[in-house]
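By convention in this document, chain letters (A, B, ...) are assigned in the order of the sequence lines, proteins followed by strands, and residues within each chain are numbered from 1.
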2 protein chains.
Amino acid sequence: MQNQFRCSCPCTSALDIVGDKWTLVIIKDMILLNNRTFKDFSESDEAIATNILSSRLKMLLEYEIIRKEKLPDNKQKNIYILTQKGLNLTPVIIDLIIWSDGNLRENHSTLLPTAQLDSVKNDKESFISMLIENYKKRNWKR
Amino acid sequence: MQNQFRCSCPCTSALDIVGDKWTLVIIKDMILLNNRTFKDFSESDEAIATNILSSRLKMLLEYEIIRKEKLPDNKQKNIYILTQKGLNLTPVIIDLIIWSDGNLRENHSTLLPTAQLDSVKNDKESFISMLIENYKKRNWKR
DNA sequence: AAAATTGCTTGCATATTGAAAGTAAGTTTT
DNA sequence: AAAACTTACTTTCAATATGCAAGCAATTTT
């Protein structure tokens, strides 16, 4: 990783890491679809190329946004798990969904409706906490 | 604008538009620094190349995230103004700032502190509304 | 033991980005 | 009214990133 940051603005610096077409898609698929393995990602709707996927997973590991694990009973599969740092991106994902839902329908007629988005908007913070807690229950070992 | 969207997922579709290193930087500089002219953007900290800036402004105009105006007393300057659709991205910008502030300091030692971020976090919705209303007061003609 | 699966890497064509220079129209200065 | 300067771009070209397809080695399943 070479000179990573364009300037000292926090917003721009976040975009130096997650500002591309794929990084947040990968994280979204972890939070919302519980994707965990290389195969899970490479079979996703967005059809990410495996070389791009590979480079993004490496980058996310370097920034400790995800970590890489093995299950005790399988030496082949790698399991990618979001760290707290990665889970802290949940609000960004949710606000992107809300923005699309409310602003992109005229551009994208087949955009999927998001179930119960109104109730999510009414208490965004709790919804985000719930997503994070559920993710941890499913994926973090204690 | 060719085939614009990878799939029908709202999150991915938002990233098909704002998922790059520059688009949200431009919008951030409009909301937080009140950038309005081509020159304002090309002189920003991030030093965007003018060809990229030009292509992004065109794209944002096509999606009606911004509009282009003239001041009555100047035929040279173009003034770029966020529409409601563009202003609706404010939550995403704020989330990115909060994420950087809380999670990126170990990677980026000169990251700027954001004034009163604690109070922003305590009432994010009002802070966002305030930013949007202030922007409109400054830039929307009535 | 053979076949299939998983997690990648490699090669190559195409697209995007980035730096620098150029240009045309409008505005300011002299 | 000319000259100088400013603004808003476009163009050129090199460097980098993306995308597709194929390849491959280490498991795991049949």
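What you find for B:H108 and A:C7 is that their closest heavy atoms are NE2-O, 2.9 Å. Minimum heavy-atom separation, B:I93 to B:L24: CD1-O, 3.6 Å.
When the P atom of C:dT6 is taken as reference, atom CG of A:N74 falls 9 Å away, rounded to whole Å. Protein atom CD of B:E46 is 12 Å distant from nucleotide atom P of C:dG18, rounded to whole Å. Per the geometry, CG belonging to A:L61 stands 13 Å off C1' belonging to C:dG7, to the nearest Å.
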I'd like a table of donor-acceptor pairs (distance under 3.5 Å, sequence neighbours excluded) in which one partner is a side-chain atom from residues 48-56 of chain B, with atom names and distances.
{"unit_1": "B:S55", "atom_1": "OG", "unit_2": "B:I52", "atom_2": "O", "d": "3.0"}
{"unit_1": "B:R56", "atom_1": "NE", "unit_2": "B:D20", "atom_2": "OD2", "d": "3.3"}
{"unit_1": "B:R56", "atom_1": "NE", "unit_2": "B:T23", "atom_2": "OG1", "d": "3.4"}

Run the side-chain donor-acceptor check on residues 72-82 of chain A: report pairs under 3.5 Å with partners two or more places apart or on a different chain.
{"unit_1": "A:N74", "atom_1": "OD1", "unit_2": "A:Q76", "atom_2": "N", "d": "2.7"}
{"unit_1": "A:N74", "atom_1": "OD1", "unit_2": "A:K77", "atom_2": "N", "d": "2.9"}
{"unit_1": "A:N78", "atom_1": "OD1", "unit_2": "A:K70", "atom_2": "NZ", "d": "2.7"}

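Residues of residues 21-32 of chain A that place a heavy atom closer than 4.0 Å to DNA chain C do not occur. Contacts between residues 11-20 of chain B and DNA chain D, counted as heavy-atom distances below 4.0 Å, involve no residue at all.
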Using a 4.0 Å heavy-atom cut-off to protein, can you give one letter per nucleotide of nucleotides 7-16 of chain D, 5' to 3': B if the base is in contact, S if only the sugar-phosphate is, - if neither? BSBBBB----

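Within the 4.5 Å cutoff, the side chain of B:W99 has heavy atoms near those of the A:K85 side chain.
Residues forming a side chain to side chain donor-acceptor pair (under 3.5 Å) with A:K58 (at least two apart in sequence, or on another chain): none.
B:D40 places a side-chain N or O within donor-acceptor distance of the main-chain N or O of B:T37, the cut-off being under 3.5 Å.
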